[in-house]
**Student:** 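Got a structure here, written out as structure tokens. Questions coming.
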Amino acid sequence: MRTVAITGTRRTGHKTPAEYADLFEQYLGPFAPAAHFYIGGAAGIDSLALLWLADRTAAAITVVAPGTMGRQPAEAQEAVARSWGRIKEVVELGAAELQAPAYHARNRWMVDRTSMTIGFPHATESSTGTWQTIDYTAEQGKPRLIVPV
């Protein structure tokens, strides 16, 4: 079974839900029949991808929070609640402070446990956690698929 980390922008209001569904169909769909996805449990792409995978595939899903899910944004908590029956595991890494180092540690944790990363960076943001995750994947010699949104 292929293991896939998903990373992406939190800023998703510039596209419609249908546009994201089309992107996920094209870029997550081919992996879904035989994949286990690791998703960061944040707002934006993380929540949208979680909902799409839970609703449209039978893929295994692990959600990873840098602290606890109770400290994640409401959008992320709602996505997890809606998808609860489809989530294989929720991992809470227990970070005391939810600052960049905690998110980067979460991203590395996911990449270290997966065979590739699919990244959905905001097309105009050049330095973000999404790019940190993509770059870390490259440093590990693992493949990455980059889909600017």
**Student:** Let me see the working for Thr128 and His122 under side-chain contact (heavy atoms from CB on, under 4.5 Å), right down to the final yes or no.
**Tutor:** CA-CA 9 Å; Thr128 64; His122 192 279; over 6 Å; no

**Student:** So which atom in Asp46 and which in Gly8 form the shortest heavy-atom distance, rounded to 0.1 Å?
**Tutor:** OD1-N, 4.2 Å

**Student:** Compare all side-chain heavy atoms of Leu145 with those of Tyr27 and state whether any distance is below 4.5 angstrom.
**Tutor:** yes

**Student:** When you look at Arg82 and Asp55, which way does the side-chain contact (heavy atoms from CB on, under 4.5 Å) test go after all the steps?
**Tutor:** CA-CA 10 Å; Arg82 280 185 47 197; Asp55 289 345; 4.0 Å; yes

**Student:** What is the minimum heavy-atom distance between Thr3 and Thr114, and which atoms define it?
**Tutor:** OG1-CA, 3.1 Å

**Student:** In the structure I gave you, are the side-chain heavy atoms of Pro66 and Gln72 within less than 4.5 Å of one another anywhere?
**Tutor:** yes

**Student:** What's the verdict on ring pair (Phe, Tyr, Trp, His ring centres under 6.0 Å) for Phe24 and Phe120, showing C-alpha distance, side-chain angles and the deciding distance?
**Tutor:** CA-CA 10 Å; Phe24 296 150; Phe120 296 89; 5.4 Å; yes

**Student:** Any chance CD of Glu97 has more than 12 other-residue heavy atoms, nucleotides or ligands included, within less than 6.0 Å?
**Tutor:** no

**Student:** Does the side chain of Val63 come within less than 4.5 Å of Trp84's, by heavy atoms?
**Tutor:** no

**Student:** For the residue pair Trp109 and Tyr38, does the interplanar ring angle fall in the parallel (under 30°), tilted (30 to 60°) or perpendicular (over 60°) class?
**Tutor:** tilted

**Student:** Are any non-hydrogen side-chain atoms of Thr130 and Ile45 less than 4.5 angstrom apart?
**Tutor:** no

**Student:** Would Thr137 and Met116 count as a side-chain contact (heavy atoms from CB on, under 4.5 Å) if you check the C-alpha gap in whole Å, the side-chain angles of each, and the deciding distance to 0.1 Å?
**Tutor:** CA-CA 7 Å; Thr137 302; Met116 72 173 293; 5.8 Å; no

